[in-house]
Amino acid sequence: IPPGFKPDKHQLRPLDLINRAWLNHDLVDGEASLTPMFPRNGLLIADEGGMGKTLSAALVALNELKKGRGVVLVVCPPMLIRQWKELFNSTVHFVNDQLSGAQLARGNLRSGLHIISKHSIRHANLQDEEFERLQGEIDLLILDEAHEGFIRDADENVELGEEPQNDRLGTSLRSLARVSRRQVLATATPMRQHNGDLFKLLGLIDPNIDTELIPIDDEIWVHDLGHIWLPALEKCSQGGEFFADAFQTILQHLDRFVPMPHEHRILLLNSLQQRRENLQNSLEKRLELCHDLHPLGRYMSVTLRDDLGGEFCSTFYRDMSAQSHVFSMNQDHTTLFELLQNES
């Protein structure tokens, strides 16, 4: 932990998650093996603003460097370079905050932490063959303010007649993610316009992510997610008198809300049935399971201010001037949309 810092539990969660395979107690390669089927190679930290995502990502980086010789590359906006440098200046690790796009392309990075601005990568206009030189060199890629310069597509830029610099940066970030062993993304705004924004970011972690298994554009699925699945996970985590009914609900709806091939869901169902008593008696195991059973639990760590309490956050974290409100669309919205279409 960087000297002078005392992380809260939610700031340690990303470190726990990336070191723990998805559903590690339930899905392993063969009955005699303890090797998990789905190790986490990356994580999107999407805590609300001002709650310490940078410290969470830094803890993952320090843990990686503690293993021995390793290279951690931080890609961030220019204004955040100083903050990253200060986090590591008091540690024993080498810190390079003067890395340019051209130097990055040459490879041969020294063991330690390397910080580069997104602007430097964008203007370097690196090609795929230059990123290939980095294959196997970067143990951990940290992309801070991950949405910035990435969420928009080049095709959209061209249609709008814009300079395709955003696409150059997005292409470079995809290439960096591809040649990095692990990735940590940090942003408080993983969606700018629509759900596709979120899946573009998750594609940096898992290029083969099957979005059809997470149908967040399906209104019925989203409704049942909020009214059946998430309440069941909450009650399961609490244990006690709520556990039995909640656990049964989870078993009944695994096929709808856990994004994996059918054959793996069968293995998961059998394992959960066998572990029922153990889960009932262990709060730690229940919390781990309920996080992993969220449809995006394999890829994301999210803490909201409401999770911790408004007074607590206002005392210990940066103040927020914006608030989020959740509301449901009603028939009036549909009618208004149809009328506007007819008018046009």
Side-chain angles (χ1 to χ4, degrees), residues 8-47 56 59-60 182 184 202 205-206 209-210 213-216 221-222 224-304 306-308:
D8 287 318
K9 287 184 178 180
H10 77 276
Q11 294 169 324
L12 291 166
R13 184 179 297 126
L15 176 61
D16 171 65
L17 289 174
I18 203 165
N19 285 334
R20 177 171 62 81
W22 184 46
L23 294 165
N24 62 319
H25 295 292
D26 298 291
L27 295 177
V28 294
D29 289 328
E31 293 184 5
S33 172
L34 295 178
T35 304
M37 283 186 179
F38 299 106
R40 283 186 173 94
N41 294 319
L43 194 69
L44 171 58
I45 307 173
D47 295 356
S56 292
L59 292 172
V60 177
R182 302 175 105 181
V184 169
L202 297 183
I205 297 171
D206 181 4
I209 185 172
D210 189 346
L213 295 175
I214 314 173
I216 55 180
W221 186 88
V222 172
D224 291 348
L225 173 71
H227 290 79
I228 297 175
W229 188 249
L230 296 182
L233 295 183
E234 179 68 22
K235 291 177 181 177
C236 177
S237 68
Q238 294 173 7
E241 60 181 305
F242 302 106
F243 178 81
D245 289 342
F247 192 76
Q248 191 60 36
T249 299
I250 289 171
L251 297 181
Q252 290 173 353
H253 292 276
L254 274 181
D255 61 326
R256 293 187 65 199
F257 295 105
V258 181
M260 63 175 59
H262 177 71
E263 61 271 19
H264 290 150
R265 287 203 198 99
I266 296 300
L267 293 174
L268 175 60
L269 178 64
N270 293 335
S271 175
L272 290 178
Q273 289 172 329
Q274 295 172 8
R275 290 209 303 134
R276 180 183 185 126
E277 184 176 349
N278 180 264
L279 286 166
Q280 193 165 5
N281 295 329
S282 172
L283 173 61
E284 179 185 355
K285 295 294 188 293
R286 291 199 306 273
L287 291 174
E288 287 183 1
L289 174 67
C290 290
H291 180 280
D292 285 358
L293 288 181
H294 188 286
L296 293 172
R298 179 179 178 181
Y299 303 106
M300 293 184 69
S301 174
V302 184
T303 301
L304 307 179
D306 287 349
D307 294 338
L308 304 180

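Bear in mind the structure is a predicted one, so any value in this text is a computation, not a measurement.
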If every non-hydrogen atom of [X] is compared with every non-hydrogen atom of [Y], which pair is closest and at what distance?
X	Y	answer
S301	R13	OG-CD, 3.8 Å
M260	W22	CE-CH2, 3.5 Å
P295	I214	O-CD1, 3.8 Å

4.5 Å side-chain heavy-atom contact, [X] and [Y]:
X	Y	result
L296	L202	yes
P14	V184	no
L289	D26	yes
L251	Q273	yes
L293	L254	yes
W229	D224	no
H264	V258	no
F243	C236	yes

Measure the [atom1]-[atom2] distance between [X] and [Y] for me, rounded to the nearest 0.5 Å.
X	Y	atom1	atom2	value
I18	I45	CD1	CD1	8.0 Å
Q274	H25	CD	NE2	14.5 Å
N24	N19	CG	CG	11.0 Å
K9	T303	NZ	OG1	12.5 Å
S56	H10	OG	NE2	6.0 Å
E288	L17	CD	CG	8.5 Å

Could you check whether any side-chain N or O of [X] sits under 3.5 Å from a backbone N or O of [Y], counting only pairs where one atom can act as donor and the other as acceptor?
X	Y	value
D307	L304	yes
D292	L23	yes
R298	R40	no
Q248	D245	no
H291	M300	yes

Step-by-step side chain to side chain contact (heavy atoms under 4.5 Å, CB included) determination, H294 to V302: CA-CA 11 Å; H294 188 286; V302 184; over 6 Å; no
Full working for side chain to side chain contact (heavy atoms under 4.5 Å, CB included) between I205 and N41: CA-CA 7 Å; I205 297 171; N41 294 319; 5.7 Å; no
E277, CD atom: more than 12 neighbouring heavy atoms under 6.0 Å: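 No.
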Side chain to side chain contact (heavy atoms under 4.5 Å, CB included) between E263 and I266, worked out: CA-CA 5 Å; E263 61 271 19; I266 296 300; 5.8 Å; no
Worked verdict on L272 versus L279 for side chain to side chain contact (heavy atoms under 4.5 Å, CB included): CA-CA 9 Å; L272 290 178; L279 286 166; 4.2 Å; yes
